[in-house]
2 protein chains.
Amino acid sequence: MVTARPVQSQSGKETARYAEMFAALGSAARLSVLRALLRAHPGGMVVGEIQGEVGVAGSTLSHHLEKLRVEELITVERESTFLRYRANTVVLEELLGFLLAECCQGSRAVEAKGLIQICQE
Amino acid sequence: MVTARPVQSQSGKETARYAEMFAALGSAARLSVLRALLRAHPGGMVVGEIQGEVGVAGSTLSHHLEKLRVEELITVERESTFLRYRANTVVLEELLGFLLAECCQGSRAVEAKGLIQICQE
DNA sequence: TCTGTATTTCTATTATTTTAGAAGTATGGT
DNA sequence: ACCATACTTCTAAAATAATAGAAATACAGA
């Protein structure tokens, strides 16, 4: 018996993918991890350093890092005993691009002027 | 007896607020609602129209709309028997501004060039 | 006032997420 | 081989979110 594979539109897959990314940013703990990694970019931070910023049990932090990593918002690299995490700027740019396009293209719901200035400060 | 109010840093409050907003975007159903409202901007859509886009039970949709509304990503207005929802472009711009600032300011993790172009297309 | 349409709230169930202690794995130094 | 440090996975509990049928509310029109 062949189980029917649920078909999904292109925009449906796209939406689902970005929704997952937003969900990854949708916890104060994870968002503050990402903020810290962005400030520390491109050097990144090892877990101990990150833990200092977030103040949560090690095992909990590990789960949060895993979620961010699965969504490819961050990368890991072993450095002897340490694990060094970094913001994944390629994917972040993709996410920003998606949100900008949705808001500023087509019906131009959001005015781009002020946003562009933020980048140039 | 006066219960101590838990103190939180400014950046902590900011992080928490934006995390909630990202969480609101962190479901495929809600993100597709917002995309539809952005496409339909500034006209907005009534619930029945939105339901056509998302394909979910009315009561479920109502909860999703409530979450988006509480986070101020959308607004509602009654129009006789209908409720017309619209993307809240002010708050969306705030959210975009936050993400852009985090990514493109300071360590300049993300290059602004390509993003600016998206707005100008 | 009665009826129909639009939408929300109530109620309940199931699924996912968050949390963290305890135990395990990885690595480097002695 | 052993130890210490860094971090993850295991296990489990509690909290939150998602889902939707059924009942309730809001409004307009006859």
Side-chain angles (χ1 to χ4, degrees), chain A residues 6 8 12 15-34 36-37 40 43-86, chain B residues 6 8 12 15-34 36-37 40 43-86:
Chain A
Q8 208 177 12
T15 300
R17 168 89 205 288
Y18 288 113
E20 292 257 293
M21 284 178 164
F22 284 127
L25 300 182
S27 112
R30 286 191 299 266
L31 187 55
S32 72
V33 166
L34 189 71
L37 290 179
M45 295 168 84
V46 300
V47 177
E49 291 172 334
I50 298 171
Q51 191 161 13
E53 293 268 344
V54 186
V56 71
S59 58
T60 302
L61 177 57
S62 193
H63 288 307
H64 285 311
L65 290 170
E66 165 76 0
K67 173 114 183 177
L68 287 167
R69 197 186 56 72
V70 165
E71 297 308 330
E72 301 184 274
L73 294 168
I74 63 177
T75 63
V76 217
E77 198 178 354
R78 184 168 278 280
E79 208 167 79
S80 81
T81 339
F82 304 85
L83 288 175
R84 180 166 296 273
Y85 283 89
R86 286 189 176 82
Chain B
Q8 205 177 13
T15 300
R17 167 90 205 287
Y18 287 114
E20 292 258 292
M21 284 178 165
F22 284 128
L25 300 181
S27 112
R30 286 192 298 265
L31 186 55
S32 73
V33 166
L34 189 71
L37 291 179
M45 296 167 83
V46 300
V47 176
E49 291 170 336
I50 297 172
Q51 190 161 14
E53 294 269 343
V54 186
V56 70
S59 58
T60 302
L61 177 58
S62 192
H63 288 306
H64 285 310
L65 290 170
E66 164 76 0
K67 172 113 182 177
L68 287 167
R69 196 186 56 73
V70 164
E71 298 307 329
E72 301 183 276
L73 294 168
I74 63 177
T75 62
V76 217
E77 199 178 354
R78 184 168 279 281
E79 206 166 79
S80 81
T81 338
F82 304 87
L83 288 175
R84 180 165 298 271
Y85 284 88
R86 286 189 176 84

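Reminder, nothing fancy here: chain letters follow the sequence lines and each chain counts from 1.
C/dT17 atom C1' lies 16 Å from atom CG of A/Leu65, rounded to whole Å. Computed from coordinates, the B/Arg84 CZ to C/dT8 P distance equals 14 Å when rounded to whole Å. In this structure, A/Leu31 atom CG and C/dT18 atom P are separated by 13 Å, rounded to whole Å. Atom P of nucleotide C/dT8 and atom CG of B/Leu61 are separated by 7 Å, given to the nearest angstrom. One can place CD of B/Glu66 at 17 Å from P of D/dT16, the figure rounded to the nearest angstrom. Between the CD atom of A/Glu49 and the P atom of D/dA6 there is a distance of 11 Å, given to the nearest Å. At whole-Å resolution of the value, CZ in A/Arg69 and P in D/dT9 are 8 Å apart. Taking atom CD of residue A/Glu77 and atom C1' of nucleotide D/dT8, one finds them 18 Å apart after rounding to whole Å.
Between A/Arg78 and C/dA26 there is no side-chain N or O to OP1 or OP2 distance below 4.0 Å. The phosphate of D/dT8 (OP1 or OP2) has a side-chain N or O of A/Tyr85 nearer than 4.0 angstrom. Between A/Arg30 and C/dT18, a side-chain N or O to OP1/OP2 separation shorter than 4.0 Å is present.
Two residues, A/Glu79 and A/His63, neighbour DNA chain C, and the one matched to the more 5' nucleotide by heavy-atom proximity is A/His63. Both A/Glu20 and B/Thr81 sit near DNA chain C, but only B/Thr81 has its closest nucleotide nearer the 5' end. Residue whose closest nucleotide on DNA chain D sits further toward the 5' end, between B/Val56 and B/Lys67: B/Lys67.
At least one side-chain heavy atom of B/Leu37 sits under 4.5 Å from a side-chain heavy atom of B/Met45. At least one side-chain heavy atom of B/Leu31 sits under 4.5 Å from a side-chain heavy atom of A/Phe22. The closest side-chain heavy-atom distance from B/Leu83 to B/Val46 is not below 4.5 Å.
Base contact: A/Thr60 has a heavy atom under 4.0 Å from a base atom. Counting any heavy atom pair closer than 4.0 Å across all strands shown, B/Gly58 reaches a base atom.
Put simply, CG on A/Leu61 and CD on A/Glu53 are 11.0 Å apart, with the number rounded to the nearest 0.5 Å. Taking CG from A/Leu73 and CD from A/Glu20, the interatomic distance works out to 10.5 Å, rounded to the nearest 0.5 Å.
At a cut-off of 3.5 angstrom, counting only N and O atoms as typed in the model, there is a donor on one side and an acceptor on the other between the side-chain of B/Ser59 and the base of D/dA20.
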